[in-house]
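Report on one structure; see the data block that follows.
Along the sequence shown, the residues carry numbers beginning at 1.
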Amino acid sequence: MKPVKLLGITLGAYVGLVVAFECFVGFMGQRDASRGVEPGEGWVVITTTDADGTAKETVIAGVENAGQLYVSANHWPRAWYNRAIENPDVEIVLGGETTARRAVAVAGEERARIAQDYELPWVLRFLTGFPPRSFLRLDPR
């Protein structure tokens, strides 16, 4: 019984760590959103719309690669990503400027290139609970 109890406590502590880290990242993202996107790092405020037309803002990391702007769902909370897939017409705030964009799911060779160029350290993947990574390219409309 002791190994099962120890495993349960360890798993509970790990889930608590992931939740605490996700809350911290959300807070820091809100605070740093005004920085905009810089090559290799930055914050994007993306406005997505759900099925009933309600717009919702989310702060996420954005990266520029080969002249394109990409965002990634690197965490378990990914409602913003699902809304962008369902309704790809989004708005972003980047460096204080609002622009209309079209969210395009990235797959195949392009996805492999972006994932390789922006590989996450093992520690960060551990802290976020090993979520699958999904990428969107934000094309100007």
Side-chain angles (χ1 to χ4, degrees), residues 1 3-141:
M1 184 67 169
V4 172
K5 188 175 182 179
L6 182 60
L7 180 62
I9 291 169
T10 303
L11 182 60
Y14 177 62
V15 168
L17 175 69
V18 169
V19 169
F21 183 76
E22 293 292 353
C23 290
F24 174 75
V25 167
F27 169 76
M28 293 303 289
Q30 287 287 349
R31 192 190 73 166
D32 292 341
S34 62
R35 269 189 358 180
V37 173
E38 301 169 8
E41 180 183 355
W43 297 104
V44 174
V45 179
I46 187 169
T47 302
T48 54
T49 308
D50 60 19
D52 67 4
T54 304
K56 298 183 181 177
E57 290 185 346
T58 306
V59 178
I60 54 178
V63 294
E64 290 182 15
N65 186 291
Q68 299 285 336
L69 175 63
Y70 293 89
V71 291
S72 175
N74 292 327
H75 303 270
W76 283 111
R78 54 185 57 221
W80 69 269
Y81 177 84
N82 295 328
R83 287 189 303 269
I85 292 295
E86 291 173 16
N87 183 1
D89 291 334
V90 300
E91 286 189 351
I92 64 165
V93 177
L94 182 66
E97 183 179 326
T98 302
T99 59
R101 300 287 180 122
R102 175 159 296 260
V104 178
V106 176
E109 186 179 307
E110 183 181 20
R111 189 215 177 277
R113 178 177 49 84
I114 297 300
Q116 182 179 8
D117 288 351
Y118 297 100
E119 185 66 33
L120 294 177
W122 185 88
V123 170
L124 186 57
R125 294 195 40 83
F126 176 80
L127 289 172
T128 58
F130 297 98
R133 293 180 77 196
S134 302
F135 296 91
L136 294 175
R137 186 181 65 242
L138 300 178
D139 294 340
R141 280 194 279 149

> What salt bridge (Lys or Arg N to Asp or Glu O under 4.0 Å) pairs are there with at least one residue in residues 45-54, not counting sequence neighbours?
Replying inline: Asp50-Lys56
> Which residue pairs satisfy the salt bridge (Lys or Arg N to Asp or Glu O under 4.0 Å) criterion with at least one member in residues 108-121, sequence neighbours excluded?
Replying inline: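 Residue pairs passing salt bridge (Lys or Arg N to Asp or Glu O under 4.0 Å), neighbours aside: Glu110-Arg137.
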>> For a quick test of reading the model, state the closest non-hydrogen atom pair linking Gly62 to Val71 and the distance between them.
In response: CA-CG1, 4.1 Å
>> Quick check: closest heavy atoms across Ala55 and Thr47, and the distance to 0.1 Å?
In response: CB-CG2, 3.8 Å
How about [X] and [Y]: do any of their side-chain heavy atoms sit closer than 4.5 Å?
X      : Y      : result
Leu94  : Leu69  : yes
Val63  : Phe135 : no
Trp122 : Phe130 : yes
Gln68  : Asp139 : yes
Arg78  : Pro132 : yes

> By side-chain contact (heavy atoms from CB on, under 4.5 Å), which residues pair with Asn87, not counting sequence neighbours?
Replying inline: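 Partners of Asn87 by the side-chain contact (heavy atoms from CB on, under 4.5 Å) criterion, ordered by chain and then number, come out as Thr49, Asp89.
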> In chain order, what residues pass the side-chain contact (heavy atoms from CB on, under 4.5 Å) check against Pro140, with sequence neighbours excluded?
Replying inline: Arg101
> In Å and rounded to the nearest 0.5 Å, what is the CD1 to CD1 distance from Ile92 to Ile46?
Replying inline: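 Rounded to the nearest 0.5 Å, the CD1-CD1 separation comes to 7.5 Å.
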>> Just verifying a value: how many Å separate Leu138 CG and Glu91 CD, rounded to the nearest 0.5 Å?
In response: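 Result: 12.0 Å between the selected atoms.
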